[in-house]
Undergrad: 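My questions will all concern the structure given below.
No hydrogens, no waters, no symmetry mates; every other heavy atom, side chains included, goes into these values. Just so you know, residue 1 is the first one in the sequence shown, and it goes up from there.
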Amino acid sequence: VEDLGKSDVILPTHAQKCRGCGMSHRTGRVCDACGGHLIDSIINFGDDLEEDILTRAEEHAEKADLVISLGTTMAVTPANALVTRNKSSGLVVCNRQKTDFDSLCWRSNKQGARTGSRVHSDCDVVMKCVMSLLLNTNDLIRWEGERELRMKEYD
């Protein structure tokens, strides 16, 4: 994958830090149903991951043939340990920074074939390449054309 050295991912205008702890909690949006402020669903340092979510993630990680980690240094526990749940699965890490799990990308299976990869690039560049391999031409064009809609939905 060609590393273009740039990304078109921009910091949302609502990204702010709490004056008390320095973490970002509010998304800047309100709930359509009740008007309450929506809170980030990401896991920051010191945040607890909901037990049912972690349990389901562990179950899926144990069954996975391949684990793909996109855009994270995997420094937040316990979620970072998900990439180690299945010793026989491959691991692909796509992140510009080093991670403590990079060496796992070079594991081999019983036949001696490497099962993972380490990609130092932008996730949006990598995912565009992945989608071009998964989708036919018409679906790829549609997927690329719907990017702006997805970005609005994520914001």
Undergrad: Between Val119, Asp124, Val126, which is the residue that forms a side chain to side chain contact (heavy atoms under 4.5 Å, CB included) with Asp122?
TA: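 Exactly one option meets the side chain to side chain contact (heavy atoms under 4.5 Å, CB included) with Asp122, and it is Asp124.
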
Undergrad: Is it possible for you to say whether Phe101 and Trp106 belong to one hydrophobic cluster, with membership spreading through side-chain heavy-atom contacts below 4.5 Å?
TA: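 Phe101 and Trp106: separate clusters.
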
Undergrad: Using the salt bridge (Lys or Arg N to Asp or Glu O under 4.0 Å) criterion, which residues pair with Asp100? Sequence neighbours excluded.
TA: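 Salt bridge (Lys or Arg N to Asp or Glu O under 4.0 Å) check on Asp100 returns nothing, list empty.
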
Undergrad: Side chains of Asn80 and Thr77: do they bring a donor and an acceptor to under 3.5 Å?
TA: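 Short answer, no.
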
Undergrad: SG of Cys94 to NE2 of His120: how many Å apart, nearest 0.5 Å?
TA: 9.5 Å

Undergrad: Taking only residues two or more places apart in sequence, or in another chain, which ones meet Glu51 in a side-chain hydrogen bond (donor to acceptor under 3.5 Å, both in side chains)?
TA: none

Undergrad: Among residues at least two apart in sequence or on other chains, which ones pass side-chain hydrogen bond (donor to acceptor under 3.5 Å, both in side chains) with Thr137?
TA: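 Here no residue qualifies.
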
Undergrad: Which value, rounded to the nearest 0.5 Å, describes the distance between Glu144 atom CD and Ser132 atom OG?
TA: 8.5 Å

Undergrad: Who are the side-chain hydrogen bond (donor to acceptor under 3.5 Å, both in side chains) partners of Asn136, not counting sequence neighbours?
TA: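 Scan of Asn136 (side-chain hydrogen bond (donor to acceptor under 3.5 Å, both in side chains), adjacent residues dropped) gives Asp139.
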
Undergrad: Between Leu140 and Met131, is a side chain to side chain contact (heavy atoms under 4.5 Å, CB included) present by the stated rule, with each step listed?
TA: CA-CA 7 Å; Leu140 180 62; Met131 296 305 282; 4.1 Å; yes

Undergrad: State the NZ-OG distance between Lys98 and Ser103, to the nearest 0.5 angstrom.
TA: 12.0 Å

Undergrad: Could you work out, with side-chain hydrogen bond (donor to acceptor under 3.5 Å, both in side chains) as the rule, every residue matching Arg107, not counting sequence neighbours?
TA: none

Undergrad: On a heavy-atom basis, which atom in Ala81 and which in Thr84 lie closest, and how many Å separate them?
TA: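 Between these two residues, the closest heavy atoms are O-OG1, 2.7 Å.
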
Undergrad: May I ask you to test the Asn95-Arg118 pair for a side-chain heavy-atom distance under 4.5 Å?
TA: yes

Undergrad: Identify which one of Val92, Val93, Leu91, Thr99 satisfies the side chain to side chain contact (heavy atoms under 4.5 Å, CB included) criterion when paired with Val83.
TA: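 So, applying the side chain to side chain contact (heavy atoms under 4.5 Å, CB included) to Val83 and each of Val92, Val93, Leu91, Thr99, only Leu91 qualifies.
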
Undergrad: Can you give me every donor-acceptor pair (side chain of residues 56-72, partner residue at least two apart or in another chain, under 3.5 Å) with its distance?
TA:
residue: Glu62; atom: OE2; partner: Arg85; partner atom: NE; Å: 3.1
residue: Glu62; atom: OE2; partner: Arg85; partner atom: NH2; Å: 2.4
residue: Thr72; atom: OG1; partner: Met74; partner atom: N; Å: 2.9

